[in-house]
Colleague: 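I have a structure I would like to understand better, so I am pasting it below and will then ask my questions one at a time.
Order of listing sets the numbers, starting from 1, for every ligand and every atom in it.
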Amino acid sequence: MRRYLVAGNWKLNLGPGAGRDLASAVGERLRGRTLHGDVLVCPPFVTIPAVATVAKGDPVMLGAQTCSAHENGAYTGEVAADMLKEAGVQYVIVGHSERRQYHRETDDEFRAKIDRVHAHGLKAIFCFGELLDERQSGRAEEVVRAQLTGVLPRLEGPNAYNLVLAYEPVWAIGTGETATPEIAQQVHAFSRAQVAEILGADVAANMRILYGGSCKPGNARELIGLPDVDGGLIGGASLKAEDFVGIVDGAEAAVG
Ligand code: PEP
């Protein structure tokens with residue numbers, strides 16, 4: 001049985017004070033409940049220490065939105081995986097479409113970042129997904145296959161527990177438009193089959209594949225209830241405790 005993961009990507013929102021308040025509010029709403037999955041928040045780097053004081057894995061875990069592809073050295077502005085670990089981070093998002101689009105990050109960088117994350121005992125959430133014109137021109141599966149085969153076969157030590165995938169159709173991110181359950185299930189099953197080819201059937205059966213793209217309390221139950229969807233990567237709706245916990249409630253209802 002795969003445990004669901006509901007992960008909030010705060011993006012470029014919430015400094016230390018507001019971040020601590022939001023993480024506290026989420027923690028208060030969830031504390032004392034028996035959850036059948038995992039809940040994670042990924043603040044901006046500078047907010048991580050403040051959130052770490054209230055999100056220590058019980059019940060809310062702490063993640064980062066990216067990390068350096070390098071271990072240390074003369075890389076101005078970068079933050080290394082071991083520094084994140086020291087700050088209390090357990091998960092690092094890699095390959096988000098905004099990193100692909102605005103920072104021109106490549107498969108080589110994703111592979112190096114995931115290897116650094118794994119080298120320090122952290123878990124990576126690797127994002128992939130097609131653009132609108134790629135879907136409209138019938139190339140969604142081709143793009144997804146290329147994104148997965150460009151990174152997964154070359155990783156040093158991936159397994160079903162240190163790597164989480166997140167299918168995020170770019171046309172659904174921040175647009176209010178959600179993939180239909182049919183599209184989500186079809187791409188998730190296709191992605192799981194790719195993982196089976198690359199890493200083996202056992203890894204594929206146990207690896208969590210999240211859906212991301214305008215997930216909200218009203219659609220979380222249906223999406224996370226799909227056979228190959230194991231949770232959500234949440235942008236906009238992770239910025240309000242009520243909405244984010246509403247998605248966790250949807251996940252609980254989906255597995256319950
Ligand atoms: C995201 O950026 O990972 C995301 C899923 O955003 P939103 O939920 O706002 O569509």
Colleague: Just need the protein heavy atom nearest to atom 9 (O) of ligand 1, so name the residue and atom and give the distance.
Modeller: Gly236 N, 2.8 Å
Colleague: If the threshold is 4.0 Å, N to carboxylate O, is there a salt bridge linking Glu130 and Arg139?
Modeller: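 No, this pair does not count.
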Colleague: Going by heavy-atom distance to atom 2 (O) of ligand 1, choose the closest among Gln65, Glu168, Lys11.
Modeller: Lys11
Colleague: Numbering the atoms of ligand 1 from 1, which are under 4.0 Å from a heavy atom of Gly212?
Modeller: 5 (C)
Colleague: Considering only heavy atoms of Ala172, which atoms of ligand 1 have at least one such atom less than 4.0 Å away?
Modeller: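 With Ala172 as reference, the close atoms of ligand 1 come out as 10 (O).
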Colleague: How close does the nearest protein non-hydrogen atom get to atom 1 (C) of ligand 1, and which residue and atom is it?
Modeller: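 Looking only at protein heavy atoms, the one closest to atom 1 (C) of ligand 1 is His96 NE2, 3.2 Å.
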Colleague: Using a distance-only test with no angle check, is there a side-chain donor-acceptor pair under 3.5 angstrom linking Glu71 and His120?
Modeller: yes
Colleague: According to the interplanar angle, ranging from 0 to 90°, do the rings of Tyr167 and Phe128 count as parallel (below 30°), tilted (30 to 60°) or perpendicular (above 60°)?
Modeller: tilted
Colleague: Verify side-chain contact (heavy atoms from CB on, under 4.5 Å) between His96 and Lys11, making sure each step is shown before the conclusion.
Modeller: CA-CA 10 Å; His96 192 279; Lys11 306 191 183 186; 4.2 Å; yes
Colleague: Tell me whether ligand 1 is touched by Lys216 - counting only heavy atoms on the residue side and a distance under 4.0 Å.
Modeller: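 No, that is not the case, since the closest heavy atom of the residue is not under 4.0 Å from the ligand.
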Colleague: According to side-chain hydrogen bond (donor to acceptor under 3.5 Å, both in side chains), who are the partners of Asn206, at least two apart in sequence or on a separate chain?
Modeller: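 Counting only residues at least two positions away or on another chain, Asn206 forms no side-chain hydrogen bond (donor to acceptor under 3.5 Å, both in side chains).
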Colleague: Check salt bridge (Lys or Arg N to Asp or Glu O under 4.0 Å) between Asp82 and all other residues, then give those that pass, not counting sequence neighbours.
Modeller: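 Expected list: none.
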Colleague: Would you mind running through ligand 1 and noting each atom that sits below 4.0 Å from a heavy atom of Gly174?
Modeller: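 Once the distances to Gly174 are compared, the set is 7 (P), 9 (O), 10 (O).
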Colleague: Are Glu109 and Arg99 within salt-bridge range, i.e. N to O under 4.0 Å?
Modeller: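 Arg99 and Glu109: not salt-bridged.
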Colleague: Which of the numbered atoms in ligand 1 are under 4.0 angstrom from any heavy atom belonging to Ile173?
Modeller: 1 (C), 2 (O), 4 (C), 6 (O), 10 (O)
Colleague: Please write down residue, atom name and distance for the protein heavy atom closest to atom 8 (O) of ligand 1.
Modeller: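 Result: Gly235 N, 2.8 Å.
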Colleague: With a 4.0 Å cut-off on N to O distance, would you call Arg208 and Asp38 a salt bridge?
Modeller: yes
Colleague: Number the atoms of ligand 1 from 1 as they appear, then name those within less than 4.0 Å of a heavy atom of Leu233, with their elements.
Modeller: 3 (O), 5 (C)
Colleague: Pull out every atom of ligand 1 sitting under 4.0 Å from any heavy atom of Gly213, numbered as shown with elements.
Modeller: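 Listed by number with element, the hits are 5 (C), 10 (O).
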